[in-house]
Amino acid sequence: MDKTYLSCLAEFGIGGAHPGGLQLTKKLLTDERFDENTVVLDVGCGTGQTAAYLAKEFECQVIAIDNNPLMVEKAKERFVNLQKEINIEVADVQRLSFEKGSIDVILSESVLSFTDPTISIPEITRVLKENGRLFAIEMVLELPLNAEGRREISEFYGLGQIWTVEEWRRAFLASGLAVESIEVPDLEANSHDSETATDFSLSESIDEAFYDILSKHFVLTENYKDHLGVRIFKCMK
Ligand SMILES: C[S@@+](CC[C@H](N)C(=O)[O-])C[C@H]1O[C@@H](n2cnc3c(N)ncnc32)[C@H](O)[C@@H]1O
């Protein structure tokens with residue numbers, strides 16, 4: 001089994017594994033009006049916290065994908081008691097099986113950074129309907145990093161790139177999306193949420209190495225807090 005940051009998240013089954021957690025997701029969706037015909041796809045759904053929230057709170061059709069089978073297994077366990085069925089499968093956001101122009105809304109909560117966004121963003125754009133929307137919560141480079149810092153972060157998180165806001169904006173535009181807004185989330189306001197704090201789906205026995213990975217994540221987060229930030233990109237096709 002790979003001992004990577006992403007496999008660590010899967011072992012601990014961390015729900016709301018994006019900055020701001022479910023509270024930020026709720027805020028992001030506050031003004032959205034979906035109906036029973038609206039198809040919402042959560043790419044890189046992790047353990048399915050956001051997909052379950054969508055199914056409970058919105059009159060929409062929910063689809064979820066993640067390329068990590070353990071994440072999908074844990075999401076399926078979460079979905080068992082829901083009233084509404086969620087269509088979920090193991091899949092790569094860089095190669096979606098959905099028809100061109102078939103999805104109304106795509107949520108990507110801390111996922112694109114872990115992919116090659118020059119592939120995943122055009123793929124998302126392909127499956128979106130005309131006027132369909134993408135909400136992406138992504139890590140951004142706030143201040144230049146030296147080569148050592150860039151290497152440490154890229155290797156630990158398995159990133160091919162660490163993009164500035166402007167680089168993300170250009171990638172969305174290049175794939176044919178209009179960038180409607182770019183917001184800095186208030187992560188402090190979302191940090192005391194008991195609902196997300198308790199959302200774990202632990203594997204039966206967790207290798208020591210995964211605890212070390214989690215600790216290193218907290219160290220890196222602190223060490224690079226001035227260099228790395230988060231943005232919410234709202235885009236329309
Ligand atoms: C930081 S976690 C966020 C999970 C979830 N969106 C959340 O907020 O809890 C990143 C997720 O993206 C998934 N992922 C990474 N690369 C992917 C890809 N190419 N296709 C689909 N999912 C991917 C990982 O397996 C992981 O579940």
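When a ligand or atom number is given, it counts from 1 through the structure's own listing order. Note that the coordinates shown come from a computational prediction; the quantities given were computed from them, not determined experimentally.
The side chain of T115, and not its backbone, has at least one atom closer than 4.0 Å to an atom of ligand 1 (non-hydrogen atoms only; side chain from C-beta on). Within the 4.0 Å heavy-atom criterion, the part of C45 lying near ligand 1 is the backbone and not the side chain.
Close contacts of ligand 1 with D92, meaning ligand atoms under 4.0 Å from a residue heavy atom, involve 18 (C), 19 (N), 20 (N). Against a heavy-atom cut-off of under 4.0 Å, L9 is close to the following atoms of ligand 1: 1 (C), 2 (S). Every atom of ligand 1 is numbered from 1 in the order shown, and the set under 4.0 Å from a heavy atom of E109 is 3 (C), 5 (C), 6 (N), 8 (O). For ligand 1 and A91, the ligand atoms under 4.0 Å from any heavy atom of the residue are 20 (N), 21 (C). Below 4.0 Å from some heavy atom of G16 lie the following atoms of ligand 1, by number and element: 9 (O). The distance from ligand 1 to the heavy atoms of S110 drops below 4.0 Å at these ligand atoms: 1 (C), 2 (S), 3 (C), 10 (C). Using a 4.0 Å cut-off to heavy atoms of N68, the atoms of ligand 1 that qualify are 25 (O). Ligand 1 places these atoms under 4.0 Å from at least one heavy atom of M71: 27 (O).
Under 4.0 Å is where a charged nitrogen must lie from a carboxylate oxygen, and between R170 and E167 no such pair does. Ion pairing between K74 and D66 fails under the 4.0 Å rule for side-chain N and carboxylate O. With respect to E142 and R231, a salt bridge is recorded, a charged nitrogen being found less than 4.0 Å from a carboxylate O. The existence of a salt bridge linking K76 and E73 is excluded, since no basic side-chain nitrogen approaches an acidic carboxylate oxygen closer than 4.0 Å.
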Exercise for the section: Report the C-alpha separation of F172 and F233 in whole Å, then their side-chain angles, then the decisive distance to 0.1 Å, and conclude whether the ring pair (Phe, Tyr, Trp, His ring centres under 6.0 Å) test is met. Expected result: CA-CA 9 Å; F172 292 125; F233 296 91; 5.2 Å; yes
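Ligand 1 has no nitrogen or oxygen under 3.5 angstrom from a nitrogen or oxygen of Q94. Between G44 and ligand 1, an N or O atom pair is found at a separation short of 3.5 Å. Checked against a 3.5 angstrom limit, the closest N/O atoms of D42 and ligand 1 fall outside it.
Although no hydrogens or angles enter the test, the distance criterion places no donor-acceptor pair under 3.5 Å between the side chain of K234 and the main chain of S181. Under a 3.5 Å cut-off, the side chain of S203 and the backbone N or O of I206 do not form any donor-acceptor pair.
Side-chain contact of E109 with T50: a donor-acceptor pair under 3.5 Å is present, judged by distance alone.
In the hydrophobic clustering of this structure, M139 does not group with W163; members are Ile, Leu, Val, Met, Phe, Trp, Tyr whose side-chain heavy atoms approach within less than 4.5 Å, directly or through other members.
Nearest residue to atom 7 (C) of ligand 1 from G46, A17, S7 is A17 (criterion: closest heavy atom). Looking at L22, V111, N67, it is V111 that brings a heavy atom closest to atom 12 (O) of ligand 1.
Y224 pairs with exactly one of I153, L143, I162, L141 by the side chain to side chain contact (heavy atoms under 4.5 Å, CB included) rule, that one being I153.
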